[in-house]
Amino acid sequence: MPKVDPRFFVGTWRFKDRRGREHTIVIDPDLKLTIDEQDLSAKVSAISRYELSYIDKFGYKLEIRGNEARPVKFYDESENDTYDLMTISN
């Protein structure tokens, strides 16, 4: 079984919600999840090579899904929607 490297998920991404608003997701080296500079108090519930799952303070699942190269999707159970993650160029 491949070893999971949590640093794979660390970074900053953008996504647009279904209303067309842009949001920023930050995952810090401790895997703390922040969306639009708001600490969601989400706890890591599972991690695999290409998927990082959180449970937020309301009990909803939030998932970061990756491909071979980087995280590419964000799933929000409260919205029941999946969004494309775009890298933020520095």
Side-chain angles (χ1 to χ4, degrees):
M1 179 166 152
K3 189 171 177 300
V4 174
D5 183 357
R7 292 173 302 182
F8 176 80
F9 298 99
V10 173
T12 303
W13 295 275
R14 290 180 301 125
F15 73 91
K16 283 194 174 146
D17 66 22
R18 65 177 96 156
R19 292 172 286 286
R21 289 188 294 218
E22 196 167 279
H23 301 279
T24 302
I25 290 184
V26 177
I27 299 175
D28 76 10
D30 295 329
L31 298 183
K32 185 175 126 188
L33 178 68
T34 307
I35 298 180
D36 296 337
E37 300 180 4
Q38 299 293 316
D39 177 2
L40 301 183
S41 304
K43 305 276 184 251
V44 174
S45 62
I47 186 169
S48 66
R49 190 168 178 196
Y50 298 122
E51 190 168 288
L52 174 59
S53 296
Y54 293 90
I55 300 294
D56 73 11
K57 61 187 172 193
F58 302 109
Y60 288 110
K61 186 185 292 188
L62 303 167
E63 293 177 346
I64 307 296
R65 300 172 183 157
N67 62 15
E68 302 271 323
R70 64 176 187 86
V72 293
K73 300 278 185 190
F74 169 63
Y75 169 71
D76 181 350
E77 185 181 41
S78 69
E79 301 264 328
N80 193 27
D81 222 335
T82 302
Y83 308 99
D84 293 326
L85 292 177
M86 298 163 279
T87 55
I88 294 180
S89 50
N90 296 328

Atom CZ in Arg21, atom NZ in Lys16: separation rounded to 0.5 Å?
-> 13.0 Å
Rounded to the nearest 0.5 Å, the CZ atom of Arg65 sits from the CZ atom of Phe9 at a distance of 11.5 Å
Have a look at Leu62 and tell me which of Leu52, Ile25, Leu33 forms a side-chain contact (heavy atoms from CB on, under 4.5 Å) with it.
-> Leu33
Any donor-acceptor N/O pair, Arg18 side chain to Asp81 backbone, under 3.5 Å | no
Are the charged groups of Asp30 and Lys32 less than 4.0 angstrom apart, N to O?
-> no
Would you say the side chain of Arg70 lies within less than 4.5 Å of the side chain of Trp13, judging by non-hydrogen atoms?
-> yes
Is there side-chain contact between Ile64 and Leu85, with heavy atoms separated by less than 4.5 Å?
-> yes
How many angstroms lie between CG in Asp56 and NZ in Lys61, if you round to the nearest 0.5 Å?
-> 12.0 Å
Should the pair Phe15 and Phe74 be assigned to parallel (<30°), tilted (30 to 60°) or perpendicular (>60°) ring geometry?
-> tilted
Are the side chain of Tyr54 and the backbone of Leu31 linked by a donor-acceptor contact shorter than 3.5 Å?
-> yes
Exercise: identify the closest heavy-atom pair between Arg14 and Thr87 | NH2-O, 3.9 Å
Is it the case that more than 12 heavy atoms not belonging to Phe8 sit under 6.0 Å from its CZ atom?
-> yes
In one Ile/Leu/Val/Met/Phe/Trp/Tyr side-chain cluster, 4.5 Å: Ile88, Val26 = no
Is Val72 reachable from Tyr75 through a run of I, L, V, M, F, W or Y residues, each pair having side-chain heavy atoms under 4.5 Å apart?
-> no
Considering the options Pro71, Ser45, Ser53, which one meets the side-chain contact (heavy atoms from CB on, under 4.5 Å) requirement together with Glu63?
-> Ser53
Around atom CD of Glu37, are there more than 12 heavy atoms of other residues, nucleotides or ligands at under 6.0 Å?
-> no
Examine Ile27 and Ile35 and state if one hydrophobic cluster contains both, with Ile, Leu, Val, Met, Phe, Trp and Tyr joined whenever side-chain heavy atoms are less than 4.5 Å apart.
-> yes
Is there a side-chain contact between Thr34 and Asp28, using heavy atoms and a 4.5 Å cut-off?
-> no
Main-chain N/O of Gln38 paired to Asp36 side chain as donor or acceptor, under 3.5 Å | no
Run through Thr82, Asn67, Asp84 and flag the one making a side-chain hydrogen bond (donor to acceptor under 3.5 Å, both in side chains) with Lys73.
-> Asp84
